[in-house]
Structure formats: structure tokens, C-alpha cells
Amino acid sequence: MHTDARTLENGSVVAGDLCIVGAGAAGIAMALEWIGAERRVLLLEGGGFDYEPRMQELYRGEIAGLPYFPLEAARLHYFGGTTGHWAGFCSTFDALDFERRDWVPHSGWPIGRADLDPFYPRAHQVLGIGPYEWEAEQWRRRDPALVPFALDPKIAWTKMWQFSAPARLGTLYREQIVGASDVHLFTHANVVEIEANEGATAIEGMRVRTFEGKELRFRAPRYVLACSTIQNARLLLASNARATAGLGNGNDLVGRYFMEHLEMPSGNLVLTRTPAPATRMYAFEFGRTKARGEMALSPEVQRERRILNATVSLEPAPLEGAAQSTFQWGTPEVVERMRTQRVVPDAAATADSMAVRAEPRTFHLMTRQEQAPNPDSRVTLSGDRDALGVPRARLDWRLTELDRRSFRDFYEVLGREMGRAGIGRMQMRDWVMERADAPWPSSLGGGWHHMGTTRMHPDPKRGVVDASCRVHGIGNLWIAGAAVYPTAGCVNPTLTLVALTLRLSDHLKSATA
Ligand SMILES: Cc1cc2nc3c(=O)[nH]c(=O)nc-3n(C[C@H](O)[C@H](O)[C@H](O)COP(=O)(O)OP(=O)(O)OC[C@H]3O[C@@H](n4cnc5c(N)ncnc54)[C@H](O)[C@@H]3O)c2cc1C
């Protein structure tokens, strides 16, 4: 079922059994699970079925701290959410990502990789990626041309990635959701406040406001917030009628520990031999490649060097200009291009140059590194309000010396191993080898990945949600999405956030059975 919330009468109250706020990757993955579950599910989406400039403008915010993409360009505000932009790069978290690492402050999830294993294959289906096979050898069996580098597994390994088409969930699942009798999608239903009871121990409703000035309320015994990392924190902080610091924020944790992936061009690799036996395994062609490898360091080496997790992809040399332009992507022209093309900026334009070449020899190294959790890296409310009266978000993105040192150590170890194995020579950019307290270079860039702000921890003094993703202290509010990540892993977040959402959905089903 679908209703445009603007057509409801002012003051309407709508009731259901479960209320999901936000219809992006997480919200849609959850709603699909409830089709046929014989519950009345309310799915509230702020936008319509297409891009609208004034809806997108609601995302505008302030940037403090390190430079970052303009917030109104970094997420999409309509049905399907940011999957209208995503590139479809997927990989799984490693077991070590979930562990407490004594060299990474605030690390450790209350769940392990094994807890997500049953949900990853289901997430593959939602996002339209290939088989649940993540070993290089499995892909080599499928295609003998996919030969990984012969690296010492005690030091380095080939971590596999898979690529979604990329699936635009708003297009892919619109008919299914609109046609479902038990999921009721409301578009143009922007939640402006999460309304709590007097003690702020339970949610009583979602207050929605339209541009036309209508106020509506949506009520259910259970609520799931799936508006994406920055927006989830913003809504909790802005909902301060019953709790002055915001909902779930009794311990001043909401908005903290904002994390990105550091995605940065870091140097070059020149292969020793031409043609190299393994370049097919690491090559990528936008829209065509189903799987490829990236190089990562073993858990043993990460432990020994006390560094963060990272992978590095190989990109044929002529990509230099595109790879360096990360922050130019945020200019108004690029935002406009993203809007009209709805593809990853530059990806389409550079698709030809990224095409798998017959015998490439020189590659640029593109690092993806997790960011260490940092309480000072945070989202707060700005003094400015949006057109619906909600305070805007203020992002203060911050990094630590561990982030910087890990970059250097990663390449010291990998470079040595590549030389030892006779694969090739790595030449790093100057900044990579600088001291950990040196400033970040102007090419500092994130991956458009927003994580943290409502981190998971069993102790309410150290996390906003518990292991089931329920907000501590509030009996009926859960959070779906990468906002709950305590650490970021080194891979793009969407596959794991969808897996976590499916886990949450199962949990809620068993709670309501
Ligand atoms: C250019 C780009 C490339 C990317 N590439 C990749 C990639 O290759 N791989 C990867 O894993 N990830 C990628 N990502 C990240 C990926 O898009 C996000 O991880 C994912 O979309 C997050 O899902 P979500 O459901 O949490 O948020 P979103 O998909 O952003 O959905 C949130 C939804 O909530 C709605 N909403 C917000 N506020 C309200 C409100 N107040 N009331 C009602 N509804 C509201 C929004 O309209 C939206 O529909 C990329 C992102 C960008 C921008």
C-alpha cells in the first residue's frame, strides 16, 4: 500500500504494529522482510519516489573539523535513499573487526562475525550480488584467470570484493512494497520529532510535518529508526522535549564516534613482469566486474604492528586525475551532476579508462582504511534550522594518530612482501611515509560512508544501543544502519548494515510472535 502523506488530513493519527522511519537500504531491507508477516507495518519515507531539490536541502548541514563532502550531497533524501547513488562495492567484515583489539581504543563489538554469518547470504539477495563465496580460491575455481598474487598468508592475503549492479533499491523494490497489503508506505512523511513518554523510557509516536504545514502522527508498539547515520543522530538529539540532551543521550554518546573509511590514493605499484600473471584478479570494470581481489594484511601482522585494518585496490595508471579529485566531488556542479545522473560521480565518466586492460603493468594504489573510533569525531546540532523546523546537523569529523600511522605501517609491510615475492615495487606518496603527527594531505578523502553516532555496546555508559540494536533505556526503539557500528571495518558498509538489519528484523519478529 502507498499513501502520499500530503493527502492526509492535518492532525491525522495513523496506527500500526511496527513503524520504520526511512526507506533507504536499511528501511527497505527491513520492510521486505515483513511482507506476508500479517502485521501492519508503517514505512515512513521523508521524500517521494524521485529527487526533489527542497527535500534534499533538508540534509544541508555544517562542516566543522576536517573537510568533508557537503552533507546535502552525501546522502539522498527520497525512496531508496542513498542506494540511488551508491557504487555497489561490497565485501564482508573480517572476524578481527568484531574483536576487542587492545591497540584500538573503544574497539570490540558485543557480537562476532559468526552472529552475522547467517544474515550475509540473505543480504546478498537484497543487494543483488553473487554467491556467498569470499575466498580467492573459490573465485579461481569459477574463473581460472583469477589468480591471486602468491603472498605469504602469514603476512598478506587477497580479500575478495563483489559488485552489485549497483542495485537501486527504490526502483528495484518499489512495486513489491507498494503492492504489499501489510506494508503501508507513506511518502513525503518527514519525521521531525520522535515523541517519547514523560520519563523518555518509551516512544509514543513519530511526529511528521509536510512542507504544506500539515502535522501527522504515526503510532506503533515498536519503532525502527533507519534514516542513515547522521540523520539518525540528528533526530535523536533534536527530539529533546522529554530529555533535554536528546533521546537515548543520557550518557552524552549520541552523535559521537562518527567514522568514515579513509579512501585515498597512496602510491604506485610497478609489476616486475609483463604480463603479470595475476592482474585479472585485481582488475575492475564498472558495471561488469562481478568480483575482484584487493590486498590486505593478515590479522597476525595487524596485531604485531598494532595497526588498523585496510585493503588496497589496484587501479590502472591513467586514473591519476580522477583518483585525486575526491573533494572536488563536493562542488555544486558535481552535486548537480550526481543529481541528474544518479550514478557515482566520475565512475561513469572514467568507466572506459578503468576497463580491464590486456596487460597493465603500472597501477595506482587506492587504500581503504578503517578509521579508529574517536569520541571527539561527532555529529551535534547546528544553530540553524531546516524548512521543517528541525535543527540541522553539524559534523566535526576527526582522526587520530593511529589512523595516520596505520597507513604508513600498512605499506611498509606490504611493500616489503611484494618485493620478497617478486611481484613488483611500490612507490609511496611522500605523505604516506611521514610521521603520524604530520597533518593530513589535501587529498584526504572519505568513501561517502557514514558510521558510528549510535554505537553498539552492552554498557549504556559506552554505547547507545545494545546488541539487539535497541536504544538503551528506551523499551521500544531500535536503530537499523551503520550508525550502530562500534568499529568501521575496512570495507564499504552497506552489505553489513543490511545483514544487521535482517538480524534485527528476525529479532523483532520473534519478539512479536
Ligand atoms: C556516492 C556514494 C557512493 C557509495 N558507494 C557505496 C558502495 O560502493 N558500497 C557501499 O557499501 N556503500 C556505498 N555508499 C554508502 C551507501 O549508500 C550507504 O551505506 C547506504 O545507502 C546507507 O543506507 P541507510 O538505509 O542507512 O541510509 P540511506 O540509504 O541514506 O536511507 C535513509 C532514508 O531515510 C530517509 N529519511 C531521512 N530522514 C528522514 C526523516 N526525518 N523522516 C523520514 N525519512 C527520512 C531518506 O530519505 C532515505 O530514504 C555510497 C554512498 C554514496 C553517497
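Order of appearance sets the numbers: ligands from 1, and atoms from 1 within every ligand.
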Report, in ascending order of atom number, the atoms of ligand 1 lying under 4.0 Å from any heavy atom of R75.
30 (O), 51 (C), 53 (C)
Between H77 and ligand 1, is there a nitrogen or oxygen pair with a distance under 3.5 Å?
yes
Looking at non-hydrogen atoms alone, which of T82, T494, V390 comes nearest to atom 16 (C) of ligand 1?
T494
Give a yes/no verdict on whether any heavy atom in L76 is under 4.0 Å from an atom of ligand 1.
yes
Apply salt bridge (Lys or Arg N to Asp or Glu O under 4.0 Å) to R503 and E33, showing your working.
CA-CA 10 Å; R503 174 177 171 272; E33 286 292 302; over 6 Å; no
Is it the case that ligand 1 has an N or O less than 3.5 angstrom from some N or O of G88?
yes
Could you tell me if R378 sits above the aromatic ring of W397, with its cationic atom closer than 6.0 Å to the ring centre and no more than 45 degrees from the axis?
no
Atom indices of ligand 1 within 4.0 angstrom of L235 heavy atoms, with elements
41 (N)
Would you call R288 and F163 a side-chain contact if the rule is heavy atoms closer than 4.5 Å?
no
Would you sort out whether M295 and F410 count as a side-chain contact (heavy atoms from CB on, under 4.5 Å), showing the intermediate values?
CA-CA 10 Å; M295 287 171 286; F410 177 86; 5.6 Å; no
Atoms of ligand 1 under 4.0 Å from any heavy atom of N190, numbered from 1 in the order shown, are 40 (C), 41 (N), 42 (N)
Among T83, L495, V191, which one has a heavy atom closest to atom 42 (N) of ligand 1?
V191
All side-chain hydrogen bond (donor to acceptor under 3.5 Å, both in side chains) counterparts of N197, not counting sequence neighbours
T201
Run the numbers on T494 and N492 for side-chain contact (heavy atoms from CB on, under 4.5 Å), then give the verdict.
CA-CA 6 Å; T494 310; N492 295 15; 5.8 Å; no
Between F79, F69, Y78, W86, flag the one that comes closest to atom 13 (C) of ligand 1 by a heavy atom.
W86
Which atom of I194 lies closest to which atom of S239, heavy atoms considered:
N-OG, 2.9 Å
Cation-pi, Y257 ring and R455 (6.0 angstrom, 45 degrees):
yes
For E175, does the CD atom have more than 12 heavy-atom neighbours from other residues, nucleotides or ligands under 6.0 Å away?
no
Honestly, for A74 the part within reach of ligand 1 (heavy atoms, under 4.0 Å) is backbone
Less than 3.5 Å between some nitrogen or oxygen of A87 and one of ligand 1, yes or no?
yes
Is the closest heavy-atom distance from P493 to ligand 1 below 4.0 Å?
yes
Ignoring hydrogens, what is the shortest heavy-atom contact between A123 and A499? Give both atom names and the distance.
CB-N, 3.8 Å
N or O pair under 3.5 Å between A25 and ligand 1:
yes
Between A26 and ligand 1, does any nitrogen or oxygen pair lie at a separation below 3.5 Å?
yes
Please confirm whether R174 makes a cation-pi placement over F79, using NZ or CZ under 6.0 Å from the six-membered ring centre and within 45° of the ring normal.
no
Under 4.0 Å, heavy atoms only, figure out whether ligand 1 is touched by the backbone of L497, its side chain, both or neither.
side chain
Which of the atoms in ligand 1, numbered in the order shown and given with their element, are less than 4.0 Å from a heavy-atom of L44?
43 (C), 44 (N)
Partners meeting salt bridge (Lys or Arg N to Asp or Glu O under 4.0 Å) with E62 (sequence neighbours left out):
R394
With a 4.0 Å cut-off on heavy atoms, is A23 touching ligand 1?
yes
Using a strict 4.0 Å cut-off to heavy atoms of G81, name the atoms of ligand 1 that fall inside it.
29 (O), 31 (O), 48 (C), 49 (O)
Show your working on side-chain hydrogen bond (donor to acceptor under 3.5 Å, both in side chains) between Y120 and T496 and close with a plain yes or no.
CA-CA 7 Å; Y120 270 131; T496 298; 2.7 Å; yes
For ligand 1, is there an atom lying under 4.0 Å from some heavy atom of A189?
yes
Any atoms of ligand 1 less than 4.0 Å from a non-hydrogen atom of A226? List them with their elements.
32 (C), 33 (C), 34 (O)
Answer yes or no: does an N/O atom from G46 fall short of 3.5 Å to an N/O atom of ligand 1?
yes
Would you mind finding which of F163, F89, F186, W448 brings a heavy atom closest to atom 52 (C) of ligand 1?
W448
